[in-house]
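Structure, as C-alpha cells:
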Amino acid sequence: MPIVITLPDGSKKEYPAAISAYDVAHEISPRLASAAVAAEINSKLVDINTMITEDSDLVIHTFKTDAGREIYWHSSAHLMAQAVKQLWPEVQVTIGPAIEQGFYYDFDREEAFSDEDLLKIEERMKELSAQKLPYSRQELSKEEAIKIFGDMGEHYKIVIIEEIPDGDPISTYTQGDFIDLCRGPHIPHTGVIKAVKLLRSSGAYWRGDERNKMLKRIYGISFPSNKEMRQYMEFLEEAAKRDHRKLGRDLELFSFDDEVGPGLVLWHPKGAMIRHLIESYWTDMHLQNGYELVYTPHVGRSKLWETSGHLGFYEENMYAKMDVEGQDYYLKPMNCPFHLSIYNAKHHSYRELPVRMAELGTVYRYERSGVLHGLMRVRGFTQDDAHIICTPDQVSDEVEKLIVFALDMLKHFGFEEFLIYLSTKPEAAVGSDEEWDMATQSLRASLNKLGLEFDMDEGGGAFYGPKIDIKIKDAIGRAWQCTTIQFDFNEPERFNMEYIGADNQAHRPIMIHRAILGSVERFFATLLEYHGGNLPLWLMPTQMMILPITDAQIEYAKEIQERLRKEGLRCEIDARNEKIGYKIREAELQKIPFMSIIGKKEAEEGRITLRRHGEGDLGVMDFDEAIQRIKEEL
RNA sequence: GCCGAUGUAGCUCAAUGGUAGAGCAAUUGAUUUGUAAUCAAUAGGUUGGGGGUUCGAUUCCCUUCAUCGGCUCCA
C-alpha cells in the first residue's frame, strides 16, 4: 500500500512501502539527512530512523530548529554522562536536560568536578563522538526498567521510574556501554556532536529542593561545527563586555562597598543622573496616566506588619527588627501597607474610585548571600510601586490600561522583546475561587484583547492573587522580571478596606499591586546591558563633549557650551592639555554620544564640527545644523 | 544558606616560604596638539580581615568577609 508523506511546505511524496524518516530526508537532500537530528511525524517527535508506516506529515529537525537543538543538546547531556560514568563508574547519574543554551547533567558524587575533571570529560566525549556510537531506543516494562537500573545501582533512576504512571511507556536509550532512562528522541549517533565544551560545574539540589542532597552539576554546550562553537564563544565575550557590572565601573555609574554592605548600591553622579532621568520620565508618565504620587516612611512599627501579614509570611525576607524606645520597628520590604494606610485615612465613595497611588518606594529585603547579583539582585532597591484600588466592574478596564501603559513605557526605553507570563492560583492561597476566577479571567482577557502572546504559569501566582509578569532578557539571555501586575485578595481584608457604594453600603474594593520597571536598580541594569552602555540619547548623562584642540579655543568652546545648554543639552568641555586624539579616544570609551572638535578654523568661522560615537566624523557645520542633527535623536 | 572558584595599587594582570612588580589611570613638569593613546619624572600596596604553622607567610593551614558561577527565591 503506497504511503503519502506531506512535508512542511505542503509538498507530498509517495512511497511504495514503509520508509524511515531518515531515508525521506536523504531523498530530499543528502545534506539534510546528515544534518538531521530527529523527525516529527504527525506532530510527534521521534528518532530520525523511525519507520513511517502510514500517510503522515513529516518535519525533519536539524540543529537549526528549536526542537532539533533541544534534542541535540539533550543527546549531548547523555554523551557527557557516558563519559563521566566511564571515568568514574561509582558516580550516580540523575537527570540531564537541555536548557536554553546548552545542557547540564546532575551527578551524585562526593567531590566536586574540578576544571581538570571537566577537561578530561570533554576529551572522553570527543573520543566517544569519534566512535559514532548509535543511540538506540528500547521500550520496556516498569519492572524490567527497575531491574536494569537496580542492577546498575542507579538509585535516582529508580526513583524516577517509580513515579512514572503505570501504563505509560518506559524507554531507555543506549549508546555504546551507556544506558539511560529517557523519553527521547535522540540524535542518530554520537558523531553528530562535533564540538563540545564543558563550561562550569556547580552544586544543585536533587529536584531543586534544598532539603535534598546536593548533587554536582556540569553545564556544557555543543554544536555541529567548530565554527558555531567559535561564534558562541565570541558571543559570550561580547556579552561580558555588556555586563552591567563592568559598564557600571567603566562608566562610573555605581559601585558597592564592603563597608557599606553587600547588595547596597552607591549611585555615582553619572549613574544618579541617568536614574534621575528615568525617574522624571516615570513621574511625568504617571501623572499623565491618572496616578497620584505619595511618599511613605522607610520603617514602620511591628503592628503595621502584623496587620499586613508580612511578619507571618515574609519575615524571613525582612531585615531584623530594631528597638526604638521599647517599640519594635522594621525596615519596609514592601510599600503596600503604607499605601493602604493612606487609603484608610479617610472614607471613600465609589465615585472616587479607582484610586491610583504611586511611589518610587525604597525597600529593603534580606536576600541570602549567595543570590546577590550586581544591580539585578540587591538588598536595598527602589520599586516603581503603585496600588490601584477599584470596584469590581472597573477591574477589566484598569488591567487593560495597565498593560498598555507598561508596554508603552518599556518601549520608550528601547525594549522590543518581552516575555509575558500569566500566573494562576497556587495550592495554598487566600481568596475565594470566584475571586481568583474573576481576576485571572480579566488578566487573560486583557492579554488576549491586546493580542499579546503569553505563557501560563499554572499555580505560579502569589498566595494572595494571580499576576502577570513581564520579563526582559539580559546580555546573555537570562530573563529578569520587570513588570508585575498582581491582584491582592489578602490585604484589603486585613486592612479592612472599604468604599461606600451607590447602595450606601460598605464594600470591599479590589486591589492591584503593580510595578512597571520593577525596581529601578534592576531596570537600570537591564537597560545598560540591552544597549551595551549606549543608552538612548535622552538618557545619557553627558550628551555632548566639546574638545578644543588648543587652549586658544577654550573661550569659544564655552560659548558653544552655553548655547547647547540653552537648547537643553547636557554638554561638557574637555579642556585638558592633551592631544585631540587622546581626548577623542577617552570620549569614545566613555560612550559619549556626540563630540564637537573645535579648532582655530571653527572658532574663526563661528561653526562647529560634530562627531557621533560609533560613527565617526560628521564634518563641519553651522550651530543650528548641529542642533538639528542632535535633536533628531531625542 | 548550600556547592565550587576567586580575592595582590583606582583598573587589568605578574611574582616568590626570605615582607611585591608591569601597563593603563593618578600627580608634577615639558609639549599647544586637527578625529581612538605625546614624552619624562613622581607617588601609590599591612598582598580582603583575623588566627595558626615557621627563624621568617603575600605564598602553607584554619577561620571570617566579599565577589563570581550555579542551586533556591524573587523586583
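The shown structure was predicted, so the numbers you read here are calculated from the model rather than taken from an experiment. Lettering of chains follows the sequences in order, A, B, ..., and the numbering in each one begins at 1. Reckoned from all heavy atoms, side chains included, excluding hydrogens, waters and symmetry mates.
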Subject >> Carboxylate-amine/guanidinium proximity below 4.0 Å for A:Asp108 and A:Lys213 >> reply: yes
Subject >> Mate of B:U67 where both pairing distances stay under 3.5 Å, Watson-Crick or G-U >> reply: B:A5
Original post:
With no hydrogens and no angle check, do the side chains of A:Thr609 and A:Glu602 hold a donor and an acceptor under 3.5 Å apart?
Top reply: no
**OP:** Sticking with atom P, work out how far B:A25 lies from B:U12, rounded to a whole angstrom.
**Re:** 15 Å
Original post:
So does A:Arg242 pair up with A:Glu238, basic N to acidic O under 4.0 Å?
Top reply: no
**OP:** Figure out the CE/P separation between A:Met318 and B:C73, and round it to whole Å.
**Re:** 21 Å
Original post:
Less than 6.0 Å separating the ring centroids of A:Phe594 and A:His613?
Top reply: no
Original post:
Is any side-chain N of the basic residue among A:Lys467 and A:Asp469 closer than 4.0 Å to the acidic one's carboxylate O?
Top reply: yes
Subject >> Closest listed nucleotide, where the reference is the side chain of A:Tyr582 and the choices are B:U35, B:C11, B:U38 >> reply: B:U38
Original post:
Looking only at atom C1', what distance separates B:A75 and B:U38, rounded to whole Å?
Top reply: 49 Å
Original post:
With both distances under 3.5 Å as the test, what is the Watson-Crick or G-U wobble partner of B:U72?
Top reply: none
Original post:
More 5' along RNA chain B: A:Gly261 or A:Gln553, using each one's nearest nucleotide?
Top reply: A:Gln553
Subject >> Pairwise P distance, B:A40 and B:G52 [rounded to whole Å] >> reply: 47 Å
Original post:
In whole Å, what separates the P atom of B:U32 from that of B:G48?
Top reply: 45 Å
Original post:
Using a cut-off of 4.0 Å on non-hydrogen atoms, how would the nucleic acid contact of A:Tyr219 be classed: base, sugar-phosphate, or nothing?
Top reply: sugar-phosphate
Subject >> Pairwise C1' distance, B:C11 and B:U54 [rounded to whole Å] >> reply: 35 Å
Original post:
Counting only non-hydrogen atoms, which of residues 598-613 of chain A are less than 4.0 Å from RNA chain B?
Top reply: A:Gly599, A:Lys600, A:Lys601, A:Glu602, A:Thr609, A:Arg611
Original post:
What is the distance, rounded to the nearest whole Å, between atom CD1 of A:Ile95 and atom C1' of B:G70?
Top reply: 14 Å
Original post:
Are A:Arg275 and A:Glu521 ion-paired here, with the side-chain N under 4.0 Å from a carboxylate O?
Top reply: yes
**OP:** Give a yes or no on whether the ring-centroid distance for A:Tyr232 and A:Phe223 is below 6.0 angstrom.
**Re:** yes
What's touching nucleotides 3-5 of chain B from the protein side, N or O pairs under 3.5 Å?
| from | atom 1 | to | atom 2 | distance (Å) |
| --- | --- | --- | --- | --- |
| B:C3 | O2 | A:Gly203 | N | 3.1 |

Original post:
Just by protein heavy atoms under 4.0 Å, how would nucleotides 43-49 of chain B read 5' to 3' in B, S and -?
Top reply: -------
Subject >> ring pair (Phe, Tyr, Trp, His ring centres under 6.0 Å) partners of A:Phe487, counting only residues at least two apart >> reply: none
Original post:
Quick one: A:His268 NE2 to B:G10 P, roughly how many Å, whole number?
Top reply: 14 Å
Original post:
Is the ring of A:Phe381 stacked on the base of B:A75, with centres less than 5.5 Å apart and planes under 30° off?
Top reply: yes
**OP:** Would you classify A:Gly380 as touching base, sugar-phosphate or nothing, given that sugar-phosphate means primed atoms plus P, OP1 and OP2, and contacts are heavy atoms under 4.0 Å?
**Re:** nothing
Subject >> 5′-ward residue of the pair A:Asp469/A:Ile584 relative to RNA chain B >> reply: A:Ile584
Original post:
Taking the P atom of each, how far is B:U63 from B:G44, in whole Å?
Top reply: 36 Å
Subject >> Rounded interatomic separation in angstrom, taking CZ from A:Arg576 and C1' from B:A25 >> reply: 11 Å
Original post:
Base, sugar-phosphate alone, or nothing: which one does A:Ile549 contact when heavy atoms must sit under 4.0 Å apart?
Top reply: base
**OP:** Count the heavy atoms belonging to other residues, nucleotides or ligands that lie under 6.0 Å from CD of A:Glu615, then report whether that count exceeds 12.
**Re:** yes
**OP:** Measure centre to centre between the rings of A:Phe103 and A:Tyr105, then say whether the value is under 6.0 Å.
**Re:** no
**OP:** Taking the six-membered ring for Trp and the full ring for Phe, Tyr or His, determine whether the centres of A:Trp282 and A:Tyr291 are under 6.0 Å apart.
**Re:** no
Original post:
Does a side-chain N-to-carboxylate-O contact under 4.0 Å join A:Arg576 and A:Glu586?
Top reply: yes
**OP:** Return the nearest nucleotide to the side chain of A:Val371; candidates are B:U35, B:U72, B:A75.
**Re:** B:U72
**OP:** Would you mind checking if A:Arg611 and A:Glu588 are paired as a salt bridge, meaning a charged N to carboxylate O distance below 4.0 Å?
**Re:** yes
**OP:** Using atom CE of A:Met621 as one end and atom C1' of B:U35 as the other, report the distance to the nearest whole Å.
**Re:** 13 Å
Original post:
Rounding to a whole Å, what distance do you find between A:Asp551:CG and B:U32:P?
Top reply: 10 Å
Original post:
Which is true for A:Glu588 with a 4.0 Å heavy-atom rule: it touches a base, it touches only sugar-phosphate, or it touches nothing?
Top reply: base
**OP:** For B:U27 versus B:C62, give the span between their C1' atoms, rounded off to a whole number of Å.
**Re:** 42 Å
Subject >> Charged N-O contact under 4.0 Å between A:Arg356 and A:Glu398 >> reply: yes
Original post:
Looking across every strand, which nucleic acid part, if any, lies under 4.0 Å from A:Arg522 by heavy atom: base, sugar-phosphate, or nothing?
Top reply: base
Original post:
Is there a Watson-Crick or G-U wobble partner for B:A22 with both distances under 3.5 Å, and if so, which one is it?
Top reply: B:U12
**OP:** Could you walk me through whether A:Ser308 and A:Glu491 pass the side-chain contact (heavy atoms from CB on, under 4.5 Å) test, one step at a time?
**Re:** CA-CA 6 Å; A:Ser308 68; A:Glu491 286 188 301; 3.4 Å; yes
Original post:
Got a sec? Which of residues 358-369 of chain A come in under 4.0 Å of RNA chain B, heavy atoms?
Top reply: A:Arg365, A:Tyr366, A:Glu367, A:Arg368, A:Ser369
Original post:
When you check the gap from the basic side-chain N to the acidic O, do A:Lys120 and A:Glu123 get nearer than 4.0 Å?
Top reply: no
Subject >> Length of the CZ-C1' vector between A:Arg245 and B:U12, whole Å >> reply: 17 Å
Original post:
When rounded to the nearest Å, what value does the distance between C1' atoms of B:C3 and B:A14 take?
Top reply: 30 Å
**OP:** Tell which nucleotide pairs with B:A37, taking only Watson-Crick or G-U wobble pairs whose two distances are both under 3.5 angstrom.
**Re:** none
**OP:** Round to a whole Å and report the spacing from CD of A:Glu615 to P of B:A36.
**Re:** 15 Å
**OP:** Pick out which of A:Ile95, A:Leu215, A:Val159, A:Thr94 makes a side-chain contact (heavy atoms from CB on, under 4.5 Å) with A:Arg207.
**Re:** A:Val159
**OP:** Apply the ring-ring contact (aromatic ring centres under 6.0 Å, His included) test between A:Tyr530 and each candidate in A:Phe418, A:Phe415, A:Phe523, A:Phe413; give the one that qualifies.
**Re:** A:Phe415
Original post:
Counting side-chain heavy atoms from CB outward, which of B:G34, B:G70, B:U12 is closest to A:Arg249?
Top reply: B:U12
Original post:
Under 4.0 Å between a Lys/Arg side-chain N and an Asp/Glu carboxylate O for A:Arg629 and A:Glu633?
Top reply: yes
Subject >> Nearest-nucleotide pick for A:Arg200, side chain only, options being B:G70, B:U35, B:A75 >> reply: B:G70
Subject >> Nucleic acid contacts - residues 272-281 of chain A versus RNA chain B, non-hydrogen atoms under 4.0 Å >> reply: none
Original post:
Which of these nucleotides, B:C73, B:C2, B:U67, is closest to any side-chain atom of A:Tyr205?
Top reply: B:C2
**OP:** Before accepting this row, confirm whether a basic side-chain N of the pair A:Glu122/A:Arg124 lies closer than 4.0 Å to the acidic partner's carboxylate O.
**Re:** no
